[in-house]
Amino acid sequence: MHEVLLITDGSCPMGNPGPGGWAAILQSNQHERVISGSHPATTNNRMELAGAIEGLRVLKTRCLVTLVTDSMYVKQGITEWLPKWQTNGFKAASGRPVLNQDLWEQLDQLVRQHEVHWEWTRSHSDHALQNRADALAAQAARQQAAALARG
């Protein structure tokens, strides 16, 4: 099984909701692939989820993935909260519908295709690849905002 390091991030620097961007850096052996994207009206949490989803989506065979995120929302959501949400029909403890159900379901399906180990790192810390992913996600969000401003 291929071992892959996947670093993800999402950004919504102009506020929630607003233009947002996501990025993923995949490394395996000596190979690296960088992907990013954006959405015109979204939230930071949706972009954090999108980074993880899109990073996993590019893997074509079952892999051993170490996924590094600076989002406790993503890490706790997939490792702790999701099984409870699924049991409760995607209702939060408050009884309200879980936000971003569509993305949680996509992420769950992709995670099941691989062996994923989740790691959290502090945002804007000394993790060089996380800082790079953060910059790429913010750049994608700024490009989306500029495209919207041009009309």
### Query
Any side-chain donor-acceptor pair under 3.5 Å between Glu105 and Gln101?
yes
### Message
side-chain contact (heavy atoms from CB on, under 4.5 Å) for Leu110 and Leu59? Distances and angles first, verdict last.
### Response
CA-CA 9 Å; Leu110 289 163; Leu59 301 174; over 6 Å; no
### pair Ile7-His127: side-chain heavy atoms closer than 4.5 Å
yes
### Query
Atom CZ of Arg62 and atom CE of Met1: how far apart are they, to the nearest 0.5 Å?
5.0 Å
### Message
As an exercise, state the distance from OG1 of Thr8 to CD1 of Ile53, rounded to the nearest 0.5 Å.
### Response
10.0 Å
### Beyond-backbone contact of Asp108 with Trp85, side-chain heavy atoms, under 4.5 angstrom
no
### Task
Measure the spacing between OG of Ser28 and CD of Glu3 and express it to the nearest 0.5 Å.
8.0 Å
Using atom types as modelled, flag every donor-acceptor pair under 3.5 Å from a side chain in residues 67-75 to any protein atom, sequence neighbours excluded.
residue : atom : partner : partner atom : Å
Thr69   : OG1  : Ser71   : N            : 3.0
Asp70   : OD2  : Ser123  : OG           : 3.1
Asp70   : OD2  : Gln130  : NE2          : 3.4
Ser71   : OG   : Tyr73   : N            : 3.4
Ser71   : OG   : Val74   : N            : 3.0
Tyr73   : OH   : Asn100  : ND2          : 2.8
Tyr73   : OH   : Trp104  : NE1          : 3.3

Which atom pairs, donor and acceptor, lie under 3.5 Å between side-chain atoms of residues 88-96 and protein residues at least two apart or in another chain?
residue : atom : partner : partner atom : Å
Asn88   : ND2  : Lys84   : O            : 3.2
Ser94   : OG   : Arg96   : N            : 3.3

### Message
Distance alone, cut at 3.5 Å: any donor-acceptor contact between the side chains of Glu115 and His117?
### Response
yes
### Task
State, yes or no, whether a side-chain contact exists between His114 and Val4 at a heavy-atom distance under 4.5 Å.
no
### Task
For residues 33-61, pull every pair meeting salt bridge (Lys or Arg N to Asp or Glu O under 4.0 Å), keeping only residues two or more places apart or in separate chains.
Arg46-Asp102, Glu54-Arg57
### Task
Determine whether more than 12 heavy atoms belonging to other residues, nucleotides or ligands lie under 6.0 Å from atom NE2 of His2.
no
#### Entry: Exercise: identify the closest heavy-atom pair between Gln144 and Pro19
CG-CB, 4.0 Å
### Summary
Rounded to the nearest 0.5 angstrom, the CG-OG1 distance for Leu99 and Thr43 is 8.0 Å
### Task
With the side chain counted from C-beta on, respond yes when Leu6 and Val116 share a heavy-atom pair under 4.5 Å apart, and no when they do not.
no
### Query
About how many Å separate CZ of Arg112 and CG of Leu56, when rounded to the nearest 0.5 Å?
13.5 Å
### Nearest-0.5 Å distance, CG of residue Leu49 to CG of residue Asn44
10.0 Å
